[in-house]
Amino acid sequence: MGKAFGAVAGVGAVGALYAMKRSWDPLPSVKAAGFTNVDTSTCVENKLVVEKWRGKPIFILKKTADMVSSQTEADSARDVIIDGAHFTVAIGLCTHLGCIPAYREDRTDFLCACHGGEFNASGIDTKLPPPSPLVIPPFKVNGTTLVLGEAGEEYKKMKESGVTA
Amino acid sequence: MAHFEKANSIGEWFDQRLATKTLERVLAKEYWIPKDINFLWAMGMVLAITFGILLVSGIFLLMYYQPNVDTAFDSVNYTIMQEVGFGWLWRHVHAVAASVVFLIIYIHMFTGIYYGSYKKGREIIWVSGMLLFVAFSAEAFSGYMLPWGQMSYWAGMVITNLFSMGSLEMNGVVEWIRGDYVPGQAFLTRFFMLHVLLIPVAILALIGIHFGALRIPHVNNQNGEELDYEVEAEKYKSGNKAASKVIAFANDFMSKDMFVVAVYLIFFFYLTFWNYSFAMDPVNFDPADGLKTPAHIYPEWYFLWSYEILRPFSKDIGLLAFAFAQVIFVLLPWLDRSPNAVPASRRGLFKYWFWIMLANMIVLTTMGKLPPEGINNTIGLVSALLFIGQWLALPFVTMFEKKV
């Protein structure tokens with residue numbers, strides 16, 4: 001009798017816990033956040049553009065010829081090339097605890113004010129505490145338009161080679 | 001049906017039905033408190049009163065606050081502050097009490113550590129007290145989200161990101177906690193619920209356990225003296241109050257307790273009316289903006305020491321150090337290997353351990369507020385390492401202590 005009662009109550013408890021877990025999941029309307037299209041033809045060199053995608057800031061930075069010629073191979077591997085120009089495209093959240101780093105045009109790098117982390121112009125971490133480079137969002141290049149949220153060929157290559165998390 | 005006589009007074013009528021005379025005897029008239037104590041023994045009552053103040057002011061704020069990302073900021077900063085009669089009073093009382101309550105909690109905690117009031121039967125008092133600290137921290141954090149200003153938003157972002165567990169990248173967990181990719185409507189409403197219902201209920205239950213756990217071992221005294229409560233109580237009851245080492249909880253002890261509470265309340269209302277701004281960060285008077293991080297993000301003063309333990313390390317080690325700092329105090333009754341439950345001043349090496357710990361936590365608190373640059377980084381790192389080192393050393397510091 002006790003066992004039967006316990007078993008029924010146990011099934012009920014597990015069911016209730018599952019319902020509670022599901023109630024805290026992101027809603028379908030939140031998940032279905034669509035794609036963001038960015039027109040890159042208006043971008044100016046060494047001026048950071050911040051777009052919003054799924055509630056997150058996306059950094060889009062058009063590099064100058066100097067920046068491109070002086071960068072390392074690891075930096076180049078992260079470049080998104082649109083119409084011949086080199087761009088940094090990254091989710092603008094510090095990989096430490098998610099603050100938004102600020103772009104310093106004179107030093108061509110990013111500084112996160114929360115805990116003092118730094119990233120270079122390609123989004124690679126150069127000073128602790130951030131443990132990894134800025135994350136590159138799924139993107140697709142469509143002429144001079146950058147589509148955020150859709151994984152194109154270039155993005156898949158970066159993902160496979162481990163350039164971005 | 002039980003037999004009831006006709007009552008001769010209102011008191012008797014209630015006593016027949018609720019045993020009020022027995023309750024009064026057990027909870028007040030014959031609940032014994034040692035005489036050899038000082039004003040630090042009143043901090044429990046100061047905390048209880050402060051919690052009451054938070055509850056009452058919170059009820060009034062709750063009637064006008066709107067947990068909606070579009071209206072929350074204005075419902076606090078316009079409706080409550082400017083339209084509601086004395087709305088500003090409830091808000092300032094609530095903000096000041098939420099800050100001051102942590103000052104008293106820390107005094108209460110370090111009093112317990114200094115006098116060894118976590119050992120020899122008092123372990124559950126200590127553990128329930130530390131759980132209350134956790135619950136109050138969660139209550140403070142969830143309440144901080146509600147005005148939906150810049151600090152609310154970014155503190156919410158940073159703290160929920162801690163649950164990704166560093167390199168484990170458990171972003172699903174973070175999104176589950178938020179109900180969104182970033183803090184949004186689902187996040188605000190669920191933290192509203194936690195702040196006004198679930199955590200307060202947990203706090204009330206924990207306060208019940210905390211008080212109950214005190215009943216059998218009784219409160220400690222200034223010398224850690226073991227009292228025979230039955231003998232001392234007999235002396236008191238036979239009229240020989242001067243020779244007895246104990247007094248009754250009410251009215252004897254309570255009258256002194258309430259005197260300390262009165263002094264505290266003067267200080268509290270001085271802050272509320274003339275110096276409330278320390279409890280209200282200016283950055284949080286800008287509405288939440290997901291695309292603009294404030295230049296400096298720092299927690300309220302009472303979280304600075306643990307924040308400073310997180311900060312000087314790389315992400316994973318920082319998180320481990322932070323987790324260590326959050327739980328280690330709970331283990332104090334078992335990390336302290338000494339048989340002595342006496343003041344730290346009579347305990348040899350532990351005396352130095354105590355004062356270094358207290359001083360270092362003040363240093364950590366100070367460094368947590370300063371921007372992370374130059375010499376600050378070094379001091380922060382040394383202090384954080386010292387904090388961890390002190391806890392690891394505690395069993396060895398206390399193991400060889402002589403019995404006093």
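We name chains A, B, ... by the order of the sequence lines, and we start the count at 1 in each one.
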Residue pair Trp24(A) / Leu194(B): nearest heavy atoms and the distance that separates them: CH2-CD1, 4.3 Å

message: Suppose we screen for salt bridge (Lys or Arg N to Asp or Glu O under 4.0 Å). Which residues come up paired with Glu45(A), at least two apart in sequence or across chains?
response: none

Under 4.5 Å from a heavy atom of chain A, the part of Phe313(B) involved: backbone

- prompt: Quick one: of Glu175(B), Arg311(B), Lys292(B), Arg190(B), who has the most non-hydrogen atom pairs under 4.5 Å with chain A?
  reply: Arg190(B)

- line: Expected contact set for residues 122-129 of chain A against chain B at heavy-atom separation under 4.5 Å reads Leu128(A), Pro129(A)

- request: Heavy atoms only: give me the nearest Pro131(A)-Lys315(B) pair and the separation to one decimal.
  value: CG-CD, 3.3 Å

field: Pair listing, salt bridge (Lys or Arg N to Asp or Glu O under 4.0 Å) test, anchored in residues 97-116 of chain A, at least two apart
entry: Lys47(A)-Glu105(A), Arg104(A)-Asp109(A), Arg104(A)-Glu118(A)

task: Step through the shown structure and confirm whether more than 12 heavy atoms of other residues, nucleotides or ligands are within 6.0 Å of CZ on Phe163(B).
output: no

- prompt: How about residues 56-87 of chain A versus chain B: which residues have heavy atoms under 4.5 Å apart?
  reply: Lys56(A), Pro57(A)

Proximity breakdown for Ile159(B) and chain A, heavy-atom pairs closer than 4.5 Å: neither

message: Quick check on Met20(A): does its CE atom have over 12 non-hydrogen neighbours (other residues, nucleotides or ligands) under 6.0 Å away?
response: no

- prompt: Should we count NZ of Lys3(A) as having more than 12 external heavy atoms under 6.0 Å?
  reply: no

- prompt: Take atom OH in Tyr78(B); do more than 12 heavy atoms of anything else shown fall under 6.0 Å from it?
  reply: no

- request: Below 4.5 Å from any heavy atom of chain A, which atoms of Trp176(B) appear? Answer side chain, backbone, both or neither.
  value: both

query: Given the rule in the ring-ring contact (aromatic ring centres under 6.0 Å, His included) test, do Tyr307(B) and His115(A) qualify, once you have shown the distances and angles that lead to the verdict?
result: CA-CA 10 Å; Tyr307(B) 172 73; His115(A) 305 94; 5.5 Å; yes

